[in-house]
There are 2 protein chains.
Amino acid sequence: MSENVGRWLRDEIENAILSNEFAPGARLDEMVLASRFGVSRTPVREALMQLDAIGLIEIRPRRGAVVINPGPHRIYEMFEVMAELEGLAGSLAARRLDEDSRKAITATHSRCERSAGAGDSDAYYYDNEEFHKAIYAASRSDFLEEQCAQLHRRLRPYRRLQLRVRNRLSTSFSEHCGIVEAIFAGDGKEARRLLRSHVGIQGERFSDLVASMAAR
Amino acid sequence: MSENVGRWLRDEIENAILSNEFAPGARLDEMVLASRFGVSRTPVREALMQLDAIGLIEIRPRRGAVVINPGPHRIYEMFEVMAELEGLAGSLAARRLDEDSRKAITATHSRCERSAGAGDSDAYYYDNEEFHKAIYAASRSDFLEEQCAQLHRRLRPYRRLQLRVRNRLSTSFSEHCGIVEAIFAGDGKEARRLLRSHVGIQGERFSDLVASMAAR
DNA sequence: AATGTTAATCTTGTATACACGATTGTTGAC
DNA sequence: GTCAACAATCGTGTATACAAGATTAACATT
C-alpha cells in the first residue's frame with residue numbers, strides 16, 4: 001500500500017478500470033467504493049479527481065463519475081498519437097543508444113522471442129510492454145518516457161485485444177526485429193518509420209480492433 | 001466561476017502558476033490558499049490533486065505541495081514532444097483541410113501578421129496561440145487537439161520568454177507563412193517538417209531560452 | 001393511459017473536527 | 001560554541017457532519 005490512501009486508491013481504481021472490472025460507462029459511486037476499500041469518501045474523491053485529470057473517468061458536476069467510453073474512432077486517434085511519440089522515442093534511442101539501454105532492449109527482445117515462439121499471448125503481452133518501455137527509456141528523454149508510459153498504460157486494454165488476433169504474435173515479433181536492428185544501427189529515421197507503423201492501427205488492423213471490441 | 005469550487009480553484013491556481021505568480025519551487029500551503037479564496041481546505045486539496053496529476057505541481061506525502069521547477073533540459077524535452085505533436089497535427093490538417101478550418105487558419109494568420117507588423121509582442125503572443133490552436137482543430141483529431149492544447153498551455157510561460165528574443169516576431173511570422181502554404185497545398189510532409197522546426201528549440205534558440213530564464 | 005408537478009430520497013459538494021507525521025525551536029551536554 | 005535530543009507546534013491526511021442539487025417515485029390532471 002502506498003504512503004497515503006488517496007494514491008493507493010487511485011492506482012487501485014485505475015487498475016480496476018484498465019482490467020475492465022469497471023467497464024466503460026460504469027458509474028463509480030463514492031460510497032460504494034469507500035466501503036469496498038474500507039475508507040471514507042474523502043480519499044475516494046481525491047482518487048477520482050486525479051483519474052478525471054488523467055482522462056480515465058469523467059466527473060459530471062453533481063452527477064457522479066463514470067468510466068469514459070472512448071469508442072473506436074477515439075481509440076484510433078489515441079493510437080495515432082502513441083505511434084508518433086513512439087516513433088520519436090525510437091529515433092532518439094537510435095541516436096543516443098548507450099550500453100545499458102542496448103542491454104535492456106536486447107534482454108526484453110529475447111523474452112518477446114521466447115513467448116512469441118511459445119505462442120503464449122499473455123506472456124507476450126507482458127514482455128511486449130517491457131520491450132516498448134525499454135525503448136522509451138533508451139530515448140533518454142524523461143518527459144517523453146513519462147508521456148509514452150502514460151499513454152501506453154491507457155491503451156493497454158485495446159492492445160491486449162489486438163494480440164488475440166490471428167497471427168498477430170509472430171507479425172508483431174518480426175516487426176520488433178526490424179526495430180531493434182534499426183536502433184542498433186543508429187538509423188533514427190528507419191526506427192521512427194518502423195515504430196510508427198508497428199504501433200499505429202492502419203488499414204485492416206482498425207477493423208480487427210472494432211471487431212474484437214464488439215466481441216465483448 | 002465554474003460549477004463547483006474545486007474546478008474553479010484548479011483553473012485559478014493553474015493560471016497563477018502559469019502566469020508566474022506562484023513561481024517554480026514555491027510552496028502551496030492549503031490553509032493559505034483556502035483563506036485567500038475564501039473556501040475550506042477540502043476543495044483546495046482537490047484542486048491540488050488534479051494539478052499534481054497534470055504534472056504542474058508535486059505533492060510530497062505529508063510534506064505539502066510545491067510548484068514544479070522544470071529546468072532547461074526538461075523544458076527542452078517538452079518542446080521536443082510538442083514539436084512532434086504539432087508536426088502530426090499539421091500533417092493531418094494538410095490532408096483533411098475543409099472550408100471551416102481553412103477560414104479559421106486564415107483569420108488567425110492575418111491577426112498574427114498585423115500584430116507582428118506592429119511589433120506588438122503581447123498581442124502576437126495571444127494571436128500566435130490562436131493560430132496554433134486553429135491548426136490543432138484542423139487536424140480533426142479530438143484527442144490530438146486535447147493533447148496539444150494541454151502541452152501548449154504548460155509551455156506558455158517559456159513561449160512568452162522566447163518571443164522577447166530579438167527578431168523572433170518576424171522570424172516566427174515568416175515561418176507561419178510557410179506552414180500555412182504547405183497546409184493549404186495539402187503537403188502534409190512539408191507542413192510536418194516546418195512545424196517541427198518552428199516549434200522545437202534547436203541550436204541557438206536553446207541558449208536563448210536558458211538566457212531568458214536566467215534573466216528573471 | 002400519458003404527462004406534468006411535487007415531494008421524498010439519494011448522492012455529491014463543502015466545511016469542520018480529529019489524528020498523526022514532519023518541522024522547528026529550545027534546552028542540555030560535551 | 002556546536003551538536004544532539006526532546007518537546008512543542010504546525011500542516012497534512014482522513015473521517016464525519018451538514019448543505020444543496022439531482023434523481024426518482026407518487027400523485028394529480030388532462
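Each chain gets a letter, A, B and so on, in the order its sequence line appears, and its residues count up from 1. The structure presented is a predicted model; accordingly, all values stated were derived computationally and were not measured.
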How many whole angstroms separate atom [atom1] of [X] from atom [atom2] of [N]?
X	N	atom1	atom2	result
B:R27	C:dT23	CZ	P	9 Å
A:E46	C:dA15	CD	P	15 Å
B:R45	C:dT16	CZ	P	16 Å
B:D52	D:dT12	CG	C1'	14 Å
A:E30	C:dC10	CD	P	16 Å
A:L48	C:dT11	CG	P	15 Å
B:F37	C:dT14	CZ	P	14 Å
B:R10	C:dT14	CZ	C1'	17 Å

Measuring from B:L155:CG to B:Q150:CD, what's the distance to the nearest 0.5 Å? 11.0 Å
What I want to check is whether the side chains of A:H73 and B:D142 have a donor and an acceptor closer together than 3.5 Å. no
Find the bend of the helix from C:dA1-D:dT30 to C:dC30-D:dG1 as the angle between its two terminal axes (five pairs each), to the nearest 10°. 10°
Selection from [options] that lies nearest to any side-chain heavy atom of [X]:
X	options	result
A:T42	D:dT14, C:dT12, D:dG13	D:dT14
B:V39	D:dA15, D:dT12, C:dA15	C:dA15
A:R62	D:dT12, C:dA22, D:dA22	D:dA22
A:D29	D:dT14, D:dG11, C:dT12	C:dT12
A:R63	D:dT14, C:dT12, D:dT23	D:dT23

Polar side-chain atom of [X] near backbone of [Y] as donor-acceptor pair, under 3.5 Å:
X	Y	result
B:R196	B:A83	no
A:E77	B:F143	yes
B:S110	B:T106	yes

Would you say the side chain of B:R41 and the base of D:dG13 hold a donor-acceptor pair, judged only by whether the two atoms sit under 3.5 Å apart? yes
N or O in side chain of A:R60 less than 4.0 angstrom from D:dT23 OP1/OP2: no
Start with the C-alpha gap between A:Y124 and A:S172, add the side-chain angles, then the distance that decides, and say whether side-chain hydrogen bond (donor to acceptor under 3.5 Å, both in side chains) holds. CA-CA 10 Å; A:Y124 186 81; A:S172 171; 2.6 Å; yes
A:K133 and A:E129 ion-paired at < 4.0 Å: yes
